[in-house]
**Q** 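There's a structure below that I have some questions on.
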Amino acid sequence: MRTVAFVDGVRTPFGKAGDKGIYAGTRADDLVVKVIRELLRRHPELPPERIDEVAIAATTQIGDQGLTIGRTAALLAGLPRSVPGFAIDRMCAGAMTAVTSVAGGIGIGAYDIAIAGGVEHMGRHPMGEGVDPNPRIVADKLVDPTALVMGQTAENLHDRFPAITKERADAYAAQSQERYAEAVKTGKIGPELVPVAIRNAELGWGLATEDEPPRPGTTVEQLAKLKTPFRPHGRVTAGNAAGLNDGATGAILADEDTARELGLPIGMRLVGYSFAGVDPEIMGVGPVPATEKLLARTGLSISDIDLFEINEAFAVQVLAFLDHFGIDAADPRVNPWGGAIACGHPLASSGVRLMTQLSRQFAERPDVRYGLTTMCIGLGMGGTVIWENPAYDGSKK
């Protein structure tokens, strides 16, 4: 097996879904094209014809997110016609699965270099648009009916873990907003963003250069007043969950020897990955067994992990993960630059956002050897990837 390197990742600014969002007049495939072109612009040392595959994920694969978007986006981005591409769907973990899929190909020698990423335009394509679930899923009681509504699964998780109160969830959400705002202020978040030309029917042309969803200055007191749309007197609100968002991500993956041959940077080395299934009605707990499975496979323990990038679909699922592993919610190793509750979660794109941030954190932290990216996945799954820091200098703080 060859060593798989995460070379670099970029993303568009994330927008709010809907008619008033920054990408209301922008196509989903054009967001992916922008990301691919930016990766090539930043790495002129990479000959486009050396790219062996383009894997792009989308949860709703219709309209401008359909037509085998990995291939069509590659063509639209100007890659040589010899470069193939395909589409992936694993709901929220689409981009994560795009990365692990091409990484497996790189590891066995099927590819030398690949581009992997994801896109979701939830304004154009709401989650579940056009689907026709088999009636037996509910009629035969294969899953609880609440499993098909993500907010209800989060309420179910609160039921399963009563120690995770709404107050704790709100406190975590406020922390996410605060950490994200600080990361933007100090320039931690920003360099990975790709400016996107946008058009508004009333205002004309503009340029998206920053995330639209964040609410800096959010307080626990403000969050406590929000409605609980998924259950009367519930615990899940728009403030302690990620919103409905639009955006795209992309990354270059390569065999490490090939990367060095071309002069490409080595941002991270892949250690291993794992996906696991759980009861669909409590899908938010998925990262726990996925991580346990991966730690057992790699021979590592949770104490070996010094940076965690956890997708914040809901505060309760992050807290369930942290409680399981005995990690404090305020631990500086966990989402140090904030997370999806602040910046947004355009479903299939988010996995590469986590990886891109971890790679950038590795560059600043030579005392850290291992980092982890993990996320819960709709219909009852979790995914985890462990990475090694090539900048590790052998000294652990």
Side-chain angles (χ1 to χ4, degrees), residues 5-15 22-23 26-58 64 69-85 95 98-99 102 106 111-121 184 187-199 205-211 246-256 258-268 343 346 349-360 362-363 390:
F6 181 97
V7 172
D8 194 11
V10 299
R11 68 178 177 92
T12 68
F14 289 169
I22 56 176
Y23 297 129
T26 304
R27 291 178 58 98
D29 47 11
D30 283 336
L31 293 176
V32 180
V33 167
K34 189 69 177 177
V35 163
I36 294 174
R37 287 178 174 172
E38 180 65 12
L39 286 170
L40 293 175
R41 187 194 71 80
R42 294 189 183 199
H43 297 285
E45 67 274 25
L46 172 58
E49 64 273 12
R50 291 293 300 272
I51 298 169
D52 294 309
E53 190 69 273
V54 177
I56 301 296
D64 55 349
I69 192 168
R71 172 60 171 169
T72 54
L75 292 171
L76 290 165
L79 293 180
R81 296 192 175 191
S82 59
V83 178
V99 167
V102 301
I106 292 168
Y111 311 135
D112 289 329
I113 302 170
I115 289 176
V119 64
E120 210 72 54
H121 199 309
V184 171
K188 308 292 187 184
I189 290 177
E192 78 280 22
L193 300 183
V194 184
V196 178
I198 55 175
R199 189 178 186 280
W205 287 95
L207 193 66
T209 59
E210 59 186 27
D211 294 321
D246 308 329
T249 61
I252 299 171
L253 283 296
D255 160 58
E256 184 167 341
T258 303
R260 295 193 185 283
E261 169 202 333
L262 295 174
L264 291 165
I266 310 297
M268 303 190 290
C343 70
S349 71
S350 288
V352 165
R353 178 189 68 81
L354 302 176
M355 296 171 188
T356 300
Q357 290 193 182
L358 180 62
S359 177
R360 293 175 56 78
F362 272 170

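All values derive from a computational prediction rather than experimental measurement. Numbers here are sequence positions counted from 1. Below, all heavy atoms of this structure are taken into account, side chains as well, without hydrogens, waters or symmetry copies.
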**Q** Quick one: closest heavy-atom pair of L207 and A197, and the distance?
**A**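 In terms of heavy atoms, the two residues are closest at CD1-N, 3.8 Å.
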**Q** Taking only residues two or more places apart in sequence, or in another chain, which ones meet E210 in a salt bridge (Lys or Arg N to Asp or Glu O under 4.0 Å)?
**A** none
**Q** Only counting residues at least two apart or in another chain, list the ones meeting salt bridge (Lys or Arg N to Asp or Glu O under 4.0 Å) with D52.
**A**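 Salt bridge (Lys or Arg N to Asp or Glu O under 4.0 Å) list for D52, sorted by chain: empty.
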**Q** Quickly, which of L46, V32, L39, V7 forms a side-chain contact (heavy atoms from CB on, under 4.5 Å) with I115? Name it, please.
**A**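 Answer to the side-chain contact (heavy atoms from CB on, under 4.5 Å) test with I115 among L46, V32, L39, V7: L39.
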**Q** Does this structure show an ion pair linking E38 with R42, if we count only N-O contacts that are shorter than 4.0 Å?
**A**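 Yes, this pair counts.
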**Q** Can you list the residues that meet the side-chain hydrogen bond (donor to acceptor under 3.5 Å, both in side chains) rule with E256, with sequence neighbours excluded?
**A**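 So E256 forms a side-chain hydrogen bond (donor to acceptor under 3.5 Å, both in side chains) with R260, R269.
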**Q** Looking only at non-hydrogen atoms, find the nearest pair between V194 and P13 and report the distance.
**A**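 Where V194 meets P13 most closely, the heavy atoms are O-CD, 3.0 Å.
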**Q** One pair to check against side chain to side chain contact (heavy atoms under 4.5 Å, CB included): R360 and K188. What are the steps and the verdict?
**A** CA-CA 8 Å; R360 293 175 56 78; K188 308 292 187 184; 5.9 Å; no
**Q** Looking at side-chain heavy atoms only, is the closest gap between E192 and S359 below 4.5 Å?
**A** no
**Q** Please name all residues satisfying side-chain hydrogen bond (donor to acceptor under 3.5 Å, both in side chains) with S350, sequence neighbours left out, ordered by chain then number.
**A**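 Partners of S350 under the side-chain hydrogen bond (donor to acceptor under 3.5 Å, both in side chains) test: H345.
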**Q** Between H121 and D64, do the side chains contain an N or O donor and an N or O acceptor separated by less than 3.5 Å?
**A**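 H121 vs D64: no donor-acceptor pair found between side chains.
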**Q** Mind checking the CG-CG spacing from D211 to L193? Nearest 0.5 Å is all I need.
**A** 5.5 Å
**Q** Does any part of the side chain of I266, heavy atoms only, come nearer than 4.5 Å to the side chain of P390, both counted from C-beta?
**A** yes
**Q** Can you list everything that forms a salt bridge (Lys or Arg N to Asp or Glu O under 4.0 Å) with D255? Sequence neighbours excluded, please.
**A** R2
**Q** Using the side chain to side chain contact (heavy atoms under 4.5 Å, CB included) rule, take I36 and V54 through it: C-alpha gap first, then chi angles, then the decisive distance, then the call.
**A** CA-CA 9 Å; I36 294 174; V54 177; 4.2 Å; yes
**Q** Quick one: list whatever passes side-chain hydrogen bond (donor to acceptor under 3.5 Å, both in side chains) with E49, sequence neighbours left out.
**A**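 None.
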**Q** Could you report the tightest heavy-atom contact between V83 and I51, atom names first, then the distance?
**A**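 So the two residues come closest at CG2-O, 3.5 Å.
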**Q** Looking at every non-hydrogen atom in both residues, tell me the closest pair between I22 and A208 and how far apart they are.
**A**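 For I22 and A208, the tightest heavy-atom pair comes out as CD1-CB, 3.9 Å.
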**Q** Drop me the distance from I198's CD1 to D30's CG, to the nearest 0.5 angstrom.
**A**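 Separation between the atoms: 13.5 Å.
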**Q** If the threshold is 4.0 Å, N to carboxylate O, is there a salt bridge linking R50 and E261?
**A**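 Yes.
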**Q** Indicate every side-chain donor-acceptor pair of residues 75-82 with a distance under 3.5 Å to a residue at least two apart or in another chain.
**A**
none

**Q** Going by side chain to side chain contact (heavy atoms under 4.5 Å, CB included), name the residues that satisfy it together with A114, two or more places apart in sequence or in a different chain.
**A** E53, V102
**Q** Are I252 and H43 close enough, and set up right, to give a side chain to side chain contact (heavy atoms under 4.5 Å, CB included), and what steps lead you there?
**A** CA-CA 10 Å; I252 299 171; H43 297 285; 3.9 Å; yes
**Q** Could you pull out all residues at least two apart from R199 that satisfy salt bridge (Lys or Arg N to Asp or Glu O under 4.0 Å)?
**A**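 R199 satisfies salt bridge (Lys or Arg N to Asp or Glu O under 4.0 Å) with no residue once adjacent residues are dropped.
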**Q** Please step through side chain to side chain contact (heavy atoms under 4.5 Å, CB included) for the pair D29 and I69, ending with a clear verdict.
**A** CA-CA 7 Å; D29 47 11; I69 192 168; 4.3 Å; yes
**Q** With R37, which of V33, V35, L40 fulfils side-chain contact (heavy atoms from CB on, under 4.5 Å)?
**A** V33
**Q** Once you round to the nearest 0.5 Å, how far does CD1 of I113 lie from CG of L253?
**A**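 That separation rounds to 10.5 Å.
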**Q** Judged by atom type as modelled, is there a donor-acceptor pair below 3.5 Å linking the side chain of T12 to the main-chain atoms of A248?
**A** yes
**Q** Answer whether the closest heavy-atom distance between the side chains of C343 and I189 falls below 4.5 Å.
**A**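 In short, these two side chains do not touch, never coming nearer than 4.5 Å.
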**Q** Of all residues at least two apart in sequence or in a different chain, which pass the ring-ring contact (aromatic ring centres under 6.0 Å, His included) check with F6?
**A**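 With sequence neighbours excluded, F6 shows a ring-ring contact (aromatic ring centres under 6.0 Å, His included) to W387, given in chain and number order.
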**Q** Taking only residues two or more places apart in sequence or in another chain, which ones pass side chain to side chain contact (heavy atoms under 4.5 Å, CB included) with T249?
**A**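 Applying side chain to side chain contact (heavy atoms under 4.5 Å, CB included) to T249 gives R11, F14, A95, S349, V352, R353.
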